[in-house]
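Throughout, protein chains are lettered first and strands after them, A, B, ... in sequence-line order, and every chain is numbered starting at 1.
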2 protein chains.
Amino acid sequence: MSDGGPPTVVSIAERAGVSIASVSRVLNGVGARPETVRRVERAAAELGYVPNAVAQSLKGGRTKQLTFAMQDIGNPVYVAMVRQIQAVARAAGYRLLLHSTDAVIEDELAVVRSLGDRTSDGLILCPIRITPEHVEVLTAAAGPVVVIGSLPQGVPVDAVQADSVLGARLAVTHLVESGRRRIAFVNGPLDTVPGHNRRQGYLKALAEGGVVPDPSLERATSFGLGAGREALHDLLDAGTAPDAVFCANDQLALGAAQAAHERGLRIPEEMAVVGMDDSDLARACWPPLSSVDLGSEERGRTAARMLLERLSDTPDDRQDAAPEPGGPRPGAARRVTTAPRLVVRASSAAAPTADATAARGGVR
Amino acid sequence: MSDGGPPTVVSIAERAGVSIASVSRVLNGVGARPETVRRVERAAAELGYVPNAVAQSLKGGRTKQLTFAMQDIGNPVYVAMVRQIQAVARAAGYRLLLHSTDAVIEDELAVVRSLGDRTSDGLILCPIRITPEHVEVLTAAAGPVVVIGSLPQGVPVDAVQADSVLGARLAVTHLVESGRRRIAFVNGPLDTVPGHNRRQGYLKALAEGGVVPDPSLERATSFGLGAGREALHDLLDAGTAPDAVFCANDQLALGAAQAAHERGLRIPEEMAVVGMDDSDLARACWPPLSSVDLGSEERGRTAARMLLERLSDTPDDRQDAAPEPGGPRPGAARRVTTAPRLVVRASSAAAPTADATAARGGVR
DNA sequence: CTGAAAGCGCTAACAA
DNA sequence: TTGTTAGCGCTTTCAG
């Protein structure tokens with residue numbers, strides 16, 4: 001009997017009157033007599049056969065699935081990455097598995113470990129912090145991993161990172177050069193890699209521009225949307241009188257811009273605003289937000305490609321003399337850095353000295 | 001020999017000096033002698049064993065994976081859904097597979113068909129159009145599907161839909177009641193379900209408010225960001241002199257708001273703007289955008305829950321007298337509709353007759 | 001309580 | 001060219 005569940009090679013073989021091996025061959029385009037091909041294809045079509053990918057995976061050792069793990073898909077930066085990764089993956093015949101870790105360290109580690117369950121062939125991980133455990137787990141990963149973010153030298157894992165020090169420097173230098181002097185900095189948590197680096201860039205640019213840094217102009221909170229608004233209100237309430245605010249990402253910048261609007265401050269005349277990431281938000285808001293493109297899309301694309309390369313480097317079997325299971329044995333770990341690019345828009349266009357004589361700031 | 005690849009039940013069995021059956025039992029918490037448990041657990045730990053999920057799936061017939069397919073993860077509405085779905089899925093021990101179909105019909109259909117490859121246990125599909133092929137494919141789906149969107153009565157598939165007719169009506173009624181009379185409508189494509197329905201709501205609200213509809217105030221383009229800006233510029237260039245614009249989603253609305261700003265029109269005094277979806281964008285921009293919450297998050301959550309219910313209804317085997325393979329046999333297809341909710345913010349707060357005497361529109 | 005063995009659906013030797 | 005058969009790693013009878 002054949003029925004009782006979805007069609008399989010067996011049902012097709014019965015119906016076509018051939019062996020399951022012939023079915024498999026025909027289905028995989030291996031040589032067969034035309035007559036056999038015809039009968040198998042016919043039977044498969046009639047039965048509405050779809051190969052069981054799980055069985056194929058068990059046999060082949062590859063699932064044709066990739067995993068992308070980040071903290072929160074709500075952040076536009078990750079959305080941009082997901083898009084690129086998904087595009088690259090699908091073009092190579094891979095599906096994409098998504099993991100939101102909510103920045104819970106334990107979840108991040110679990111995702112790396114879960115490479116061992118062979119559910120996906122490789123992992124793109126976007127951690128916001130790198131702990132010693134991260135290094136440990138990444139080093140022992142059961143399959144190829146590409147990290148989007150900074151990684152210490154020793155770790156034998158590919159990484160694609162943004163140069164956010166330079167990025168922040170570009171933004172702040174731009175503000176200094178357009179005559180701003182009291183440049184506030186609304187940052188995310190300082191104990192994160194991006195938080196730390198962006199601050200370095202900020203300070204460096206101030207130094208280069210001959211502006212004495214004023215600690216009271218700095219705020220470190222979270223990377224979320226509401227934080228920017230609160231931070232700028234706080235800065236204004238504290239009487240720090242900034243004439244510009246540089247924010248560690250676009251979400252913070254939009255929040256800051258809102259606060260400025262609420263205080264009746266004109267952007268950019270009385271308050272210039274510059275964000276980071278150059279997400280869709282920057283283009284969509286008013287006035288359009290100057291921002292530093294840190295190459296989120298490029299990093300996503302590159303990470304996906306690097307991962308696929310690793311996967312094709314590992315032919316099929318893993319029983320040869322590999323010192324450790326999985327991992328990027330062939331060739332040392334690569335470190336790629338994408339170049340930041342400042343995008344100046346209306347939110348920082350005008351010079352502050354013009355003192356409000358400028359028109360409505362129309363752009364069209 | 002045991003080595004040559006990742007640890008398996010066999011390697012553990014060898015090391016612990018028991019049979020693979022005992023290993024499996026211990027690992028699954030089935031009864032065993034304390035001594036056996038100890039030895040197996042020790043061996044597993046020493047080997048760093050992680051069960052092969054693919055093999056488990058092949059055996060059990062379930063992958064513990066769910067698929068979510070929408071057109072473009074770049075749209076904030078889908079991001080909101082993904083978040084909810086992911087949360088519900090992970091809580092139930094399921095992983096989430098993501099598919100961007102780019103609104104290509106053929107891809108959408110392929111995703112439904114690919115349920116047959118047993119890669120995921122169920123599918124949440126967010127189609128923007130329903131063609132006869134959709135109906136056909138959905139009816140013959142190899143596993144449970146929940147559609148987010150409208151579905152004809154006959155189709156034996158669960159669906160969670162928004163009441164966008166009512167939603168649009170709420171928005172436009174709000175504009176009429178605040179004294180607007182020349183209410184433009186920037187819509188997406190008319191041959192999509194959302195496009196069609198939102199227009200119905202728009203027209204209905206006008207009729208109820210005693211406003212004669214002016215076809216020259218309508219624009220149907222795409223749902224993308226740039227389209228809204230162009231559409232409003234176009235409306236203004238055409239001399240249609242709208243005093244408000246209702247947009248079929250927030251992205252369009254932000255575009256329209258930009259155009260208004262570019263023309264030096266004050267929002268809301270000279271031009272009220274209302275969007276739809278109440279995405280993060282609405283809260284993030286300036287002035288904050290009035291919008292209709294169509295319950296994207298709720299729909300995502302509900303869809304995920306319904307799918308999980310279907311999955312638990314199907315015990316484990318599928319060889320009983322099911323007329324068709326898979327599909328929602330137990331219990332008829334359900335149709336759930338989420339209620340829309342108008343969120344009034346600054347972009348439509350002031351009355352038009354006040355004629356610009358209002359302050360800067362500060363909110364704080 | 002434990003071990004031997006069957007089998008999930010598929011691919012790939014190996015023979016014929 | 002085709003069929004037979006042996007697994008991929010796991011769970012689950014079925015005996016012992």
Side-chain angles (χ1 to χ4, degrees), chain A residues 2-40 44 47 49-64 116-119 121 142 315-319 325, chain B residues 1-40 43-44 47 49-64 116-119 121 142 315-319 325:
Chain A
S2 65
D3 205 280
T8 69
V9 280
V10 175
S11 10
I12 297 182
E14 285 175 351
R15 184 168 193 121
V18 299
S19 75
I20 61 169
S22 290
V23 174
S24 178
R25 282 188 211 105
V26 171
L27 262 26
N28 290 295
V30 187
R33 197 173 16 146
E35 167 66 8
T36 309
V37 173
R38 222 180 38 68
R39 288 166 62 179
V40 169
L47 260 36
Y49 174 76
V50 180
N52 183 322
V54 175
Q56 288 178 317
S57 295
L58 181 58
K59 186 98 248 287
R62 293 166 307 105
T63 54
K64 286 294 201 171
D117 73 10
R118 305 284 150 193
T119 273
D121 299 339
D316 252 317
D317 37 19
R318 43 199 183 284
Q319 71 269 29
Chain B
M1 220 134 303
S2 64
D3 205 281
T8 69
V9 280
V10 175
S11 9
I12 297 182
E14 286 175 352
R15 185 168 193 120
V18 299
S19 74
I20 63 168
S22 290
V23 173
S24 177
R25 282 188 211 106
V26 171
L27 262 26
N28 291 294
V30 187
R33 197 175 17 145
E35 167 66 9
T36 309
V37 173
R38 219 180 41 70
R39 288 166 63 179
V40 170
L47 260 37
Y49 173 75
V50 180
N52 183 322
V54 176
Q56 288 178 316
S57 296
L58 181 58
K59 188 96 249 282
R62 293 167 305 107
T63 54
K64 287 294 202 172
D117 73 12
R118 304 287 155 197
T119 274
D121 298 340
D316 252 317
D317 37 18
R318 42 199 186 283
Q319 73 269 32

In whole angstrom, give the distance that lies between atom CZ of B:R38 and atom C1' of C:dT2. 17 Å

Gap between atoms CG and C1', on B:D117 and C:dG9 respectively (whole Å): 13 Å

Could you tell me how far apart A:K64 (NZ) and C:dT11 (P) are, to the nearest whole angstrom? 14 Å

At under 4.0 Å between heavy atoms, what does B:S24 touch on the DNA or RNA strands: base, sugar-phosphate, or nothing? base

Rounded to the Å, how far apart are B:K59 NZ and C:dA5 P? 16 Å

How is A:T36 classified with respect to the nucleic acid when contacts are heavy atoms under 4.0 Å: base, sugar-phosphate, or nothing? sugar-phosphate

Using a cut-off of 4.0 Å on non-hydrogen atoms, how would the nucleic acid contact of A:S22 be classed: base, sugar-phosphate, or nothing? sugar-phosphate

Residue A:S19, side-chain atoms from C-beta onward, closest of C:dG9, C:dT2, D:dG3: D:dG3

Could you state the atom-to-atom distance from CZ of A:R25 to P of C:dA12 in whole Å? 11 Å

Does B:Q56 reach the side chain of B:K59, with side-chain heavy atoms less than 4.5 Å apart? no

Nearest listed nucleotide, side chain of A:Q56, among D:dT12, C:dT11, C:dG3: C:dT11

Heavy-atom donor-acceptor pair, A:S11 side chain to A:T8 backbone, under 3.5 Å: yes

Select one nucleotide: of C:dA13, D:dC8, D:dT11, the one nearest the side-chain heavy atoms of A:L58. D:dC8

Here the distance between atom P of C:dA13 and atom CG of A:N28, to the nearest Å, is 13 Å

Under a 4.5 Å cut-off applied to non-hydrogen side-chain atoms, are A:R118 and B:P6 in contact? yes

If every non-hydrogen atom of A:L47 is compared with every non-hydrogen atom of A:P7, which pair is closest and at what distance? O-CG, 3.4 Å

Measure from the side-chain heavy atoms of B:R33 and tell me the nearest of D:dT11, C:dC10, C:dT2. C:dT2

Look at all strands and tell whether B:V54 reaches a base, only sugar-phosphate, or nothing, counting heavy atoms closer than 4.0 Å. nothing

Spell out, as yes or no, whether a donor-acceptor pair under 3.5 Å connects the side chain of B:D117 to the backbone of B:T119. yes

Report the distance from atom CD of B:E14 to atom C1' of C:dG3, rounded to the nearest whole Å. 15 Å

How do B:A55 and B:A21 order along DNA chain C: which one's closest nucleotide is nearer the 5' end? B:A21

To the nearest Å, give me how far apart CD1 (A:I20) and P (D:dG7) are. 15 Å

